[in-house]
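Reading through the structure tokens given below for one structure.
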Amino acid sequence: MAASQDNQPPAGTASALDYDAIIIGAGMSGLYQLYRLRELGLRVRVLETGTGVGGTWYWNRYPGARFDSESYSYGYSFSQELLDEWDWTEHFSPQPETLRYLNHVADKFDLRRDIQFKSRVTSAHYQEATRAWDVTLEDGSRYRCRFLITAIGLLSAPTMPRMAGVDTFKGQSFHTARWPHEPVRFEGKRVAVIGTGATGVQTIQEVAKTAGHLTIFQRTPNWCAPLHNGKIDAREMAKIRADYPDIFKRCQETFACFLHTPDPRGTFEVTPEEREAVFERLYADRGFGIWQGNFRDILVDRKANAVISDFVARKIRQRVKDPVVAEKLIPKNHGFGTRRVPLETRYYEVYNQPNVTLVDINETPIERVTPDGIKTSDAEHAFDIIIYATGFDAITGAYDRIDLRGIDGQRLKDAWKDGPQTYLGVLVEGFPNMMMLMGPHTALGNIPRSIEYNVEWVTGLVRHARDNNLTRLEATPQGVASWTDHVRALGMGLLSNEVDSWMTGINKNVEGKQVRTVARYSGSAPAYRARCDEAAAGGYPELRLG
Ligand code: NAP
């Protein structure tokens with residue numbers, strides 16, 4: 001590596017390396033990884049498809065996009081200066097503010113000089129002879145690097161619905177994750193939204209404010225809960241700033257790095273009156289409390305789950321005036337919290353507006369998109385704008401979109417055909433020197449908290465390689481088998497693993513993603529970190545180092 005005079009790769013290969021490390025992606029993880037690897041003195045290049053930094057917050061510009069984690073628990077924690085100088089203006093920052101924040105980070109740490117924009121990686125092939133990765137961009141340019149670090153996101157490969165006629169529509173149409181950089185106006189327009197996940201919910205409640213008429217095509221309703229956003233004034237921001245050490249300490253201690261952590265009591269260990277009072281308080285509280293801070297058994301015990309589901313169903317019935325519409329909005333095939341809970345601001349009240357119609361496509365399926373709109377089994381709906389809030393080929397989808405090949409040309413996609421197999425969610429047997437940030441089988445939760453840990457662990461490993469003249473790092477089969485078995489075992493008994501969602505690897509719009517897989521680590525973040533720390537402290541016994 002360039003950083004160390006003593007550390008020479010095998011003879012004849014040093015000069016052939018363009019970079020010590022290539023990072024794919026300039027989102028939150030790519031930016032931080034660049035910062036840390038630069039500190040080690042490495043020659044690093046970030047290759048980014050977009051024209052700017054920000055990843056998720058660069059692409060998802062749809063109306064209403066914002067954090068669902070408290071802003072001050074979401075930002076980076078690694079730089080005191082950054083914490084001191086950045087003011088959040090809302091408890092749940094809207095996308096434009098978050099994108100400004102990430103641009104500020106890139107400028108402050110002078111990161112842009114090592115980031116190459118408009119550079120989509122199409123393939124990366126490992127070569128044993130050089131112990132290096134050959135990386136190719138869409139425009140044909142090629143780079144060779146020792147370490148390949150994927151910072152490509154877990155919800156970054158948008159998927160369109162498999163519907164006839166999508167390309168024939170004459171009006172404007174957008175996938176929420178490919179939203180244009182120019183504002184889109186809805187005043188007086190007939191607008192359709194397909195999809196009612198966390199993205200659809202945020203979009204719908206915003207578009208309903210101005211659209212001439214909004215028609216929502218719902219396949220599966222989700223259990224949504226109030227966000228309770230609010231502005232942060234200078235006084236409150238000063239208090240938050242003073243609390244940062246406690247805020248981040250708390251995030252380190254909680255199950256999923258949120259400010260909320262489960263109530264240690266079981267649902268039936270309290271009286272029905274106490275239980276109702278807890279639910280009411282959580283429903284009135286900010287953020288994910290009702291999901292992440294509820295009784296400890298709601299996501300594993302069917303009876304407990306039924307009680308909280310009944311509570312939220314009653315709220316929906318109270319908030320939606322038309323009882324027929326209310327019933328359509330109440331999920332019947334899964335319990336509360338077994339899919340990611342969309343947080344909302346007057347989402348259910350949208351359905352009381354005269355300019356809003358809900359179409360349940362289980363009753364009247366979409367037959368096709370037409371030049372003028374959408375044809376269902378019982379009507380032709382005319383639209384000016386169609387918004388596809390149809391989600392992502394999650395977790396492994398971004399990996400599938402790059403021709404990633406390890407030893408002897410083995411494709412990652414083939415290696416993972418029965419579900420991902422990883423070591424700590426970071427390394428893959430047969431793919432030496434490739435390290436994944438927020439890859440399958442890593443602790444997710446409040447993502448930036450997990451990113452910071454993930455990046456620091458990878459940085460530690462690269463430092464270890466540098467200090468010990470190592471040019472080849474590979475997970476052992478035993479390491480991968482034991483971690484993958486552990487991740488699968490953790491998923492047993494979770495109600496969420498019995499439900500189709502991106503979290504269980506299902507995307508009905510993608511070939512080969514119709515069977516549930518365990519792609520997500522569902523243990524606690526502290527347990528994940530303990531396991532990773534132990535591996536590092538022990539000199540990485542489950543890696544083959546050379
Ligand atoms: P999603 O949860 O996968 O939702 C996609 C929606 O599109 C679902 O309602 C799905 O219906 C529907 N859909 C897909 N194909 C369809 C088709 N052919 N016909 C009709 N409907 C179709 O995706 P998402 O809403 O983009 O959210 C993904 C994740 O991103 C979230 O769970 C969350 O983790 C993250 N996110 C975070 C934030 C935040 O932090 N603020 C905001 C937005 C998203 P089915 O359910 O029937 O498949």
Side-chain angles (χ1 to χ4, degrees), residues 28 55-57 59-71 73-74 90-95 97-98 153-166 175-179 192-206 215-224 227 229 256 258 287-288 291 329 331-334 337-345 347 358-362 364-369 374 376 386-395 397 438 444-448 450 496 499-510 513-514 520:
M28 280 198 87
T56 288
W57 303 103
W59 295 104
N60 287 273
R61 294 163 190 256
Y62 61 85
R66 65 172 66 250
F67 289 163
D68 276 347
S69 312
E70 289 75 1
S71 308
S73 78
Y74 194 101
E90 296 186 40
H91 284 276
F92 302 90
S93 166
Q95 177 271 337
E97 179 168 322
T98 306
L154 61 142
L155 292 157
S156 55
T159 47
M160 290 290 283
R162 288 207 276 193
M163 276 173 197
V166 164
H175 189 287
T176 44
R178 289 293 176 271
W179 201 262
V193 174
I194 303 177
T196 51
T199 302
V201 166
Q202 288 188 334
T203 306
I204 290 161
Q205 65 200 17
E206 194 60 31
T215 306
I216 295 133
F217 293 87
Q218 173 187 270
R219 185 164 67 186
T220 311
N222 281 301
W223 296 100
C224 311
L227 175 69
N229 188 22
F258 292 108
F288 275 137
W291 186 31
L329 290 166
K332 304 291 188 302
N333 67 352
H334 67 283
T338 60
R339 291 172 132 203
R340 202 283 208 173
V341 174
L343 293 183
E344 46 86 23
T345 305
Y347 171 66
L358 176 66
V359 175
D360 179 344
I361 63 169
N362 299 299
T364 54
I366 295 176
E367 288 181 352
R368 59 180 298 115
V369 177
I374 294 176
T376 64
I386 299 178
I387 299 173
Y388 296 99
T390 44
F392 302 89
D393 185 358
I395 305 183
M438 292 290 95
L444 303 175
N446 191 8
I447 300 281
S450 305
S496 59
V499 174
D500 285 355
S501 76
W502 68 261
M503 296 203 251
T504 49
I506 297 290
N507 186 322
K508 294 183 182 127
N509 301 312
V510 180
K513 297 276 169 91
Q514 319 295 317
R520 194 174 56 105

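What you see is a predicted model, and the numbers here were worked out from it, not measured in a lab. Start at 1 and go down the list; that is how both ligands and their atoms are numbered.
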Angle class for the Trp57/Tyr74 ring planes (parallel below 30°, perpendicular above 60°, tilted otherwise)? perpendicular
Sequence neighbours excluded, the answer for ring-ring contact (aromatic ring centres under 6.0 Å, His included) partners of Trp502 is none
Can you list the steps and then say if Ser73 with Asn446 is a side chain to side chain donor-acceptor pair (under 3.5 Å)? CA-CA 8 Å; Ser73 78; Asn446 191 8; 3.2 Å; yes
Side chains of Leu329 and Gln218 in contact at under 4.5 Å (non-hydrogen atoms): yes
As a test of reading the model: which residues have a non-hydrogen atom less than 4.0 Å away from ligand 1? Tyr62, Arg66, Phe67, Asp68, Leu155, Pro161, Met163, Ile194, Gly195, Thr196, Gly197, Ala198, Thr199, Gln202, Arg219, Thr220, Arg339, Arg340, Ile361, Ala389, Thr390, Gly391, Phe392, Trp502, Asn509
Only counting residues at least two apart or in another chain, list the ones meeting side chain to side chain contact (heavy atoms under 4.5 Å, CB included) with Ala192. Phe217, Ile374, Phe383, Ile386
ring-ring contact (aromatic ring centres under 6.0 Å, His included) filter on Phe288, not counting sequence neighbours, yields Phe258, Trp291
